[in-house]
Amino acid sequence: MFCIIAFIQSCLSSDLWFVFQCLLLSASVAADGGSTAFWAELALKSLGGEGLFLFSSLDTNNDLYLSPEEFKPIAEKLTGVTPVSDFEEDAPDPNGETLSIVAKFQPLVMETMTKSKDGFLGISHVALSGLRNWTAPVSPKSVLLARQFKAFLPPKNKLDLGDPWWIIPSELNIFTGYLSNNRFYPPPPKGKEIIIHRLLSMFHPRPFVKTRFAPQGSVACIQAISTYYYTIAFRIHAEFQLNEPPDFPFWFSPGQFTGYIVLSKDSSHVREFKLFVPNKRSLNVDMEWLYGASEGSNMEVDIGYLPQMELESTGPSVPSVIYDENGNVIDSRDPSGEPIQFVFEEITWQQEIPWEEAAQKLEVAMYPFKKVSYLPFTEAFERAKAEKKLVHSILLWGALDDQSCSGRTLRETVLESSPILTLLNESFISSWSLVKELEELQTNRENEFYSKLADLHLEKYNFPVEMIICLPNGTVIHHINANYFLDITSMKPEDVESSIFSFSANFDDPSTATYLQFLKEGLQRAKAYLQN
Ligand SMILES: *[C@@H]1O[C@H](CO)[C@@H](O)[C@H](O)[C@H]1NC(C)=O
Ligand SMILES: *[C@@H]1O[C@H](CO)[C@@H](O)[C@H](O)[C@H]1NC(C)=O
Ligand SMILES: *[C@@H]1O[C@H](CO)[C@@H](O)[C@H](O)[C@H]1NC(C)=O
C-alpha cells in the first residue's frame, strides 16, 4: 500500500492520521463497489495521469464534474479577466471609516532549507519556481473598510479576558482526516473567512484560510477592555499555494500568523492592526511539494526561515467622507493640500492581560497538549534539578507547536490525552527543541554544562523526532524514535480492515498506552540511578 511506504519515507507521511485516512479510503472504495472506480478509469483514459491530476485539483467536491465555479480559476488564468468580486463587504460605505494597511515581506532564505545543502540536487527547477519568484507582497498597500474587521469582535459569551473563541472554526476531525494536497486555488471565502483571506491576499494571491492539517482555523481572545474598545489577540493557521498548473502544487505553511487589533466595540473604528509570522525561532515555515501526478506518494518536505511577513495599519481608520458641523461634505485636504489631521482620544484600558498570557491562551486553544507547559531546553533542566523531577524532552527536526511539519502526529494523539497530561504534569518537566537549536548550543561553548546537555541529547537523536527522558544532569535514561513508536503502535493493514470500526472507536488507545509505558519505564529506570 503506497501510503505505508510513503509513511516511512517522509515526515508528512509519517503522520498516523494520514495512514489511518488511507486505510479508511481504501475500505470505502472497496465498499462503494465499482462505480467511482469505473468513472475514474474512464477519466484516466481520456485525460492521462497528469490531465486527470489537474482535473481533480479543480474538482473540489470530487464528483468528476467541473461546475462553472470550479472552472473559474482556469478561465481567469486563460482569459486574464477577473470578474468583479461580488462580496457584500466590498460595497462602498460613505458613512464608514477606512483603514490603510501596508505589507512587509522578506522572502524565504533559501539557504536555510535542508535541501539547499546539496544545491537542491535532484529537485526540478519548476518545483521551486513559485517559491523563488515570490520576492515581494502582491499588494504592498491596501485600503479596507473598518467594519470588515467586525469578524474580530468577540461573541457575547466570550467577554472575559483571555477566554478564546474561534473566528474560523476547524472543520477537521478524525473522520474528515486532512484536506487534499492536490489543489491550486483557494475555495471562495465565506463569512468571517473573507477578511482573513483578504488580508493574507496582500502577500500572495492564493492563501488558504483553512490548512490541510489540524489544528486548522483562527482563534482569538480579548487582551484588553476599555469603555469603548477591545484589544483582540489572534492566531491564524493558514497556508499558501505557490504554484499553478501545469506545475505541481507547492504548499508554503508559516508556523502561524499572530497579532492584535484595537477596535471599537461597534467595529466602526479600528485604532491599530498588526499581523505577523513570528521569526524568533531559527525555522518558521514548512514546505511540502508534489513532484508527480499522485497525491501523497510523490511528496517532498522541507523547512526554512522566513525573516519577515507582516501587515500593519499606517494609522487609525478615518472617515471616507468628512462632514462639517452643518452636515456638509468637506474636502479631506485642507486648502494647502495637506490631508486633514484627525485627533484621536487616548484609550484608557480598564482591564488587561499581558500579551504573553493572551498568546499562551491561544496556543492552548490550538494545542490542548500545551496544558502542560513546555519550557525552553536549558530552563527545563534547571527546573528539573530544583523540583527533583525528570526531563521529558522532544527533539525534532521541525517545530512542535506550530504548523511546521514533524510534530503533528505526537500532538494530535498522545500528548493531548489526559492520562499522559496528568503523568507529565506530576512527574516530569517537559521541553521540546529543534535539532538546529541544540547544535548551536553544542558548538557555542559559553556554558559547558549546557553544551554537555545538548551533546547528550544529540547523541540519541534520529530523524525525524526523538522522545527523550533524562535525569536533571542530562544523562539520558530512556528514549524512543517517533517512527519506531508509530510502527509499534499502528496495526497491520489486514487487522485494521477487518476491525475498522473498533479501531476508530479506540483510536488513540494503542499510542497512548505505549507512550504511558515509555514514561513509566523512564521513572522506573530513574529510581535505579538515583539509588546508586
Ligand atoms: C513570477 O512572478 C510574476 C510577477 O510577480 C508573474 O507574472 C509570473 O507569472 C511568475 N512566474 C511564475 C513561474 O510563477
Ligand atoms: C498540574 O498540577 C497542578 C498542581 O498539582 C494543578 O494545579 C494543575 O491543574 C495540573 N494541570 C494539569 C493539566 O493536569
Ligand atoms: C548524572 O547522575 C547519575 C546519578 O547520580 C550518574 O550516574 C551520571 O553519571 C550523571 N551523569 C553525568 C553526565 O554527570
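Only heavy atoms go into these numbers, but all of them, side chains included; no hydrogens, no water, no symmetry mates. Indexing begins at 1, ligand by ligand and atom by atom, following the structure's order. All residue numbers refer to positions in the sequence shown, counting from 1.
Side-chain atoms of E363 and Y374 form no donor-acceptor pair, as typed in the model, at a separation below 3.5 Å. No hydrogens or angles considered: a donor-acceptor pair under 3.5 Å links the side chains of D302 and T114.
Listed by chain and residue number, the protein contacts of ligand 2 are K371, N425 (heavy atom within 4.0 angstrom).
For ligand 3, the atoms closer than 4.0 angstrom to any heavy atom of L471 are 2 (O), 3 (C).
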Exercise. List the steps and the verdict of salt bridge (charged side-chain N to carboxylate O under 4.0 Å, His left out) for E521 and R525.
Key: CA-CA 6 Å; E521 173 69 23; R525 291 188 193 180; 2.7 Å; yes
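The side-chain heavy atoms of I222 and T231, taken from C-beta on, include no pair separated by under 4.5 Å.
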Run the side-chain donor-acceptor check on residues 265-272: report pairs under 3.5 Å with partners two or more places apart or on a different chain.
{"residue": "K265", "atom": "NZ", "partner": "S226", "partner atom": "O", "Å": "3.0"}
{"residue": "K265", "atom": "NZ", "partner": "T227", "partner atom": "O", "Å": "3.3"}
{"residue": "D266", "atom": "OD1", "partner": "S264", "partner atom": "OG", "Å": "2.7"}
{"residue": "D266", "atom": "OD1", "partner": "S268", "partner atom": "N", "Å": "3.0"}
{"residue": "D266", "atom": "OD1", "partner": "S268", "partner atom": "OG", "Å": "2.8"}
{"residue": "D266", "atom": "OD2", "partner": "S268", "partner atom": "OG", "Å": "3.3"}
{"residue": "H269", "atom": "ND1", "partner": "E97", "partner atom": "OE1", "Å": "2.7"}
{"residue": "H269", "atom": "ND1", "partner": "S317", "partner atom": "O", "Å": "3.4"}
{"residue": "H269", "atom": "ND1", "partner": "S317", "partner atom": "OG", "Å": "3.1"}
{"residue": "H269", "atom": "NE2", "partner": "R271", "partner atom": "NE", "Å": "3.2"}
{"residue": "R271", "atom": "NH1", "partner": "E345", "partner atom": "O", "Å": "2.9"}
{"residue": "R271", "atom": "NH2", "partner": "Y229", "partner atom": "OH", "Å": "3.4"}
{"residue": "R271", "atom": "NH2", "partner": "E345", "partner atom": "O", "Å": "3.1"}
{"residue": "R271", "atom": "NH2", "partner": "E345", "partner atom": "OE1", "Å": "3.1"}
{"residue": "E272", "atom": "OE2", "partner": "Y260", "partner atom": "OH", "Å": "2.8"}

Let me check something: any side-chain donor-acceptor pairs from residues 463-477 under 3.5 Å, sequence neighbours excluded? List them with distances.
{"residue": "E466", "atom": "OE1", "partner": "N462", "partner atom": "N", "Å": "3.1"}
{"residue": "E466", "atom": "OE1", "partner": "N481", "partner atom": "ND2", "Å": "3.2"}
{"residue": "E466", "atom": "OE2", "partner": "H479", "partner atom": "ND1", "Å": "2.8"}
{"residue": "E466", "atom": "OE2", "partner": "N481", "partner atom": "N", "Å": "3.3"}
{"residue": "N473", "atom": "OD1", "partner": "T475", "partner atom": "N", "Å": "3.1"}
{"residue": "N473", "atom": "OD1", "partner": "T475", "partner atom": "OG1", "Å": "3.3"}

Please tabulate, one pair per line, all N/O donor-acceptor pairs under 3.5 Å involving side-chain atoms of residues 103-112, not counting sequence neighbours.
{"residue": "K104", "atom": "NZ", "partner": "E312", "partner atom": "OE1", "Å": "3.4"}
{"residue": "Q106", "atom": "NE2", "partner": "Q308", "partner atom": "OE1", "Å": "3.1"}
{"residue": "T112", "atom": "OG1", "partner": "V109", "partner atom": "O", "Å": "2.5"}
{"residue": "T112", "atom": "OG1", "partner": "Y305", "partner atom": "N", "Å": "2.9"}

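For N473, a nitrogen or oxygen atom sits less than 3.5 Å from a nitrogen or oxygen atom of ligand 3, counting backbone and side chain alike.
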